[in-house]
Each structure stands twice: as C-alpha cells, then as structure tokens.
Student: 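One structure follows; several queries about it will come next.
Numbering of residues begins at 1 and proceeds along the displayed sequence.
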Amino acid sequence: MIKIGLLCHRSISSIKHCFSNIFHQDLLRCSRGMVTLIVATTIDPASIGPASALLAMPGWYPGPPIQDVPSFVNRDVRLLKHDSSIVREDHLDMRWEDTTGETVDEVIFLSKHTAASNRPALTVHPIGVPHLTEGDQLPVGGKPAWAAPPNPRIGPWFRLLKSIADSQNLTPEFEVTLEATHHGPVTNAPTMFVEIGSTEEYWKRQDAAQAIALLVWEGLGLGGGDAVGDWSRNCCQQKILLGIGGGHYVPRHMDIVRKDGVWVGHLIAGYSLPMDDPGPSKSQSNLEVGGTWKQAIRVAFDTTRAAFPQGEVLAHLDNKSFKGWQRNAIVGFLAEQNIKVGKPSDFC
C-alpha cells in the first residue's frame with residue numbers, strides 16, 4: 001500500500017492507470033513529486049476532530065511514517081497525525097521530503113483557536129512572527145524575523161468556509177473570520193492554519209469538525225471537483241492584498257477579502273509593527289522611527305511575493321488604526337522599498 005501511496009514516484013501513465021478520474025493538473029503535480037501536507041495533532045480536539053472526519057471520507061490509505069508519526073494518503077494529499085504541540089513541530093515539510101522524496105507544495109494545519117471573548121469561531125490565517133528579533137521569547141513557536149509564505153488558498157478558502165458554515169447552519173453562532181499572521185511552527189512551504197474556536201465545548205463540536213473536513217475535501221478537490229484557490233491556475237498578473245495594521249481579526253482587510261476573486265497574503269496586525277514613539281519630534285518630516293516594524297513589513301512582503309509568483313503584491317493599510325506619525329512613517333518606508341499601496345477597488 002505504501003508503494004501505491006507514494007504515487008508521485010511513478011510515471012504519469014501509471015498514475016493515470018490507477019486514478020483515471022484525477023485531473024491533468026493533479027497529474028502534473030504528481031509527476032513533479034509535489035504534494036499537499038495536512039497536519040493534525042492528537043492532543044487537540046479541534047485538530048484531531050476534523051482530521052478524523054476527513055479520514056472517514058473515501059480514498060485514504062496508510063502512508064509512510066516519518067519519525068514514528070503516522071501518515072495517510074489520498075491522491076496528491078498527505079495527512080500527518082502527531083502527538084505534539086501544533087506550533088512546535090518545526091520543518092514538517094522538509095522532514096516529509098527527506099523521508100519520501102516528495103516535494104511539499106503547501107502545508108495546512110488543523111488547530112484550535114483561543115480568544116478572550118470565548119466566542120465560537122472558524123478561522124483561517126497565515127503564520128509567522130516577523131517582528132521578533134534574536135533574544136525575544138517565542139511563546140507560540142516560530143523563529144525571529146520569520147514568516148512562512150502565506151498559502152494562496154487563504155482568501156478563497158475563507159470564502160468557501162463561510163459558504164459551508166452558512167449551508168450547515170453554523171452561522172451566526174460561529175463567526176467565520178480571518179486572523180492576522182501569528183505563531184509557528186517553522187515551515188518553508190506556503191502555509192495556512194484552519195481553526196475552530198474558542199473553548200473546549202466548541203473544539204469538540206462534531207458539526208464544526210465536519211465543516212472543516214468538508215472545507216479541506218472540497219478545497220483540495222478530493223471529491224472530484226475543481227480545487228479552490230489554486231494559484232497556479234490563476235496567476236496572470238493578479239493583485240494580492242498585503243494587510244498592514246488593524247486588530248487581530250483584521251476587519252478592514254477582511255471586508256475586501258470577502259469579495260470573490262480577491263487574493264490575500266500576510267496580514268500584519270498593529271501589534272506586529274512595533275514602533276518607537278519619537279516624542280516631541282514626531283511632527284518632523286523625514287522622521288526616523290525605531291522598532292522592528294520595517295523588518296516585519298519587509299519579511300511579510302518578501303514571503304507574500306514568493307507565494308504568488310507573477311502576481312502583484314499591493315499593501316493595504318488600515319489607516320484608521322494608525323496615528324498620523326505612524327502612518328507617515330509606514331507610507332514613506334513603503335515608497336522607499338518600492339512597495340505599492342492599493343485601494344479597496346484595486347483588489348476587486
């Protein structure tokens with residue numbers, strides 16, 4: 001079974017023979033040894049619940065373990081179930097590649113979401129801690145000055161998740177929302193988290209788990225339909241939103257991403273843009289503002305651009321979230337870096 005599971009090592013003709021209903025794009029990915037990696041942890045009910053629901057759907061069979069972590073295979077999708085913290089198991093994409101020889105094209109983590117409000121929620125977000133520096137604590141994983149390339153599916157899957165939640169009567173009880181870029185683990189491939197929040201009662205909800213499983217099933221085209229959010233099929237000079245500023249749930253950026261056809265990269269909240277208050281001198285022009293905010297923007301831009309080849313990354317500022325001197329500093333830095341600023345109408 002493992003030999004069959006590792007079908008990316010076989011010829012295209014062999015794959016066609018075994019899976020005649022696989023789309024040409026899937027065959028092309030497999031011929032290049034490219035797979036999607038889904039990661040779940042058994043210690044989190046909001047992670048293992050959706051994973052179990054997904055594995056109950058047709059087409060899965062055991063794959064090769066990596067360092068005693070079991071895997072499951074379905075077409076060009078691989079699912080790992082480990083027993084550790086979801087934000088601490090670094091380099092799973094590289095570890096899979098080292099074990100199997102397959103190249104991980106993207107990583108999707110299934111996880112719980114926590115919030116002070118305890119509000120039930122279904123969330124999607126990119127990961128990284130681009131504002132941190134050497135010596136800073138890393139309470140939720142990652143590494144200093146790092147962000148994973150954002151998975152291009154984030155925007156399309158956010159909209160698909162809203163549609164699924166609506167159809168299954170999970171809304172308005174559950175809020176469907178984006179989150180800002182935050183936490184680890186460290187990956188190199190384009191990455192996203194899909195989460196259920198925000199308390200143990202909701203982490204264990206089977207209807208929420210089924211909704212997330214259906215999101216992955218439909219979103220990756222495992223049921224035979226077209227995959228959702230495949231940038232390689234939609235990369236003709238389209239614009240990508242790089243969100244800068246605002247709160248953790250990025251409402252002004254999210255208002256744009258709700259619209260069909262909008263692509264989104266990193267979403268850098270105000271708390272990830274540390275800016276030193278210059279005091280009385282803040283009214284001066286060409287003010288030099290300290291802090292790691294420039295580093296955060298540069299890392300977010302570079303990794304977003306890497307995730308969307310041939311796309312045009314435009315910064316979208318939550319202007320109302322900034323004081324005047326902060327906004328002026330950010331706009332000036334973006335101009336220095338040749339990063340264009342977009343209006344809401346530029347993305348639609």
Side-chain angles (χ1 to χ4, degrees), residues 125-140 142-150 154-155 177-184 238-257 262-308 311-348:
H125 71 85
I127 65 170
V129 284
H131 60 297
L132 297 183
T133 60
E134 292 293 339
D136 288 339
Q137 292 186 342
L138 297 163
V140 284
K143 63 181 180 180
W146 163 86
I154 290 172
T177 182
L178 293 172
E179 294 183 77
T181 298
H182 64 301
H183 68 60
Q238 296 199 47
K239 295 178 174 61
I240 302 96
L241 184 149
L242 170 65
I244 298 177
H248 183 70
Y249 297 100
V250 295
R252 289 188 175 86
H253 308 310
M254 186 163 56
D255 283 345
I256 299 172
V257 183
V262 177
W263 299 90
V264 61
H266 277 295
L267 298 163
I268 306 302
Y271 61 76
S272 293
L273 296 166
M275 305 179 79
D276 297 338
D277 191 328
S281 63
K282 65 181 64 171
S283 61
Q284 297 177 3
S285 59
N286 300 319
L287 182 67
E288 183 63 32
V289 177
T292 58
W293 60 278
K294 291 182 180 180
Q295 168 186 295
I297 291 173
R298 188 72 241 183
V299 169
F301 176 80
D302 288 344
T303 51
T304 296
R305 185 170 57 180
F308 292 88
E312 181 181 10
V313 180
L314 301 180
H316 179 259
L317 274 61
D318 184 341
N319 285 311
K320 293 184 178 180
S321 70
F322 295 116
K323 297 177 181 178
W325 63 270
Q326 294 174 314
R327 183 169 56 253
N328 291 339
I330 290 172
V331 170
F333 176 70
L334 293 173
E336 291 174 5
Q337 299 295 307
N338 295 314
I339 299 174
K340 296 179 181 178
V341 177
K343 306 182 298 295
S345 59
D346 291 328
F347 302 99
C348 302

Student: Could you give the distance from CG (N319) to CZ (R327), rounded to the nearest 0.5 Å?
Tutor: 5.5 Å
Student: G247 and A269: which non-hydrogen atoms are nearest, and at how many Å?
Tutor: O-CB, 3.8 Å
Student: Minimum heavy-atom separation for A300 and L242, please, with both atom names.
Tutor: CB-CD1, 3.9 Å
Student: Give the ring-plane orientation class for H248 versus Y271, where under 30° counts as parallel, over 60° as perpendicular and anything between as tilted.
Tutor: parallel
Student: Assess the side chains of H266 and T181: does a donor N or O sit below 3.5 Å from an acceptor N or O?
Tutor: yes
Student: What donor-acceptor contacts under 3.5 angstrom involve side-chain atoms of residues 288-299, with partners at least two apart or in another chain?
Tutor:
from: E288; atom 1: OE2; to: K294; atom 2: NZ; distance (Å): 2.9
from: T292; atom 1: OG1; to: H131; atom 2: O; distance (Å): 2.8
from: W293; atom 1: NE1; to: V289; atom 2: O; distance (Å): 3.0
from: W293; atom 1: NE1; to: G290; atom 2: O; distance (Å): 3.4
from: Q295; atom 1: NE2; to: P130; atom 2: O; distance (Å): 2.7
from: Q295; atom 1: NE2; to: L132; atom 2: O; distance (Å): 2.9
from: R298; atom 1: NE; to: D302; atom 2: OD1; distance (Å): 3.1
from: R298; atom 1: NE; to: D302; atom 2: OD2; distance (Å): 3.3
from: R298; atom 1: NH1; to: Q337; atom 2: OE1; distance (Å): 2.5
from: R298; atom 1: NH2; to: D302; atom 2: OD1; distance (Å): 2.7

Student: Can you spot which of V313, L314, V262 makes a side chain to side chain contact (heavy atoms under 4.5 Å, CB included) with K239?
Tutor: L314
Student: Could you walk me through whether N328 and V331 satisfy the side chain to side chain contact (heavy atoms under 4.5 Å, CB included) test, starting with their C-alpha distance in whole Å, then the side-chain angles of each, then the deciding distance to 0.1 Å, before giving a yes or no?
Tutor: CA-CA 5 Å; N328 291 339; V331 170; 5.9 Å; no
Student: Indicate yes or no for a side-chain donor-acceptor contact from R252 to the backbone of D318 under 3.5 Å, with no hydrogens or angles considered.
Tutor: no
Student: Do you know which two heavy atoms are closest between F347 and L241, and how far apart they sit?
Tutor: CE2-CA, 3.4 Å
Student: First locate atom CD of E312, then atom CH2 of W263, and finally report the distance between them rounded to the nearest 0.5 Å.
Tutor: 15.5 Å
Student: Judged by modelled atom types alone, do S272 and H182 share a side-chain donor-acceptor pair under 3.5 Å?
Tutor: no
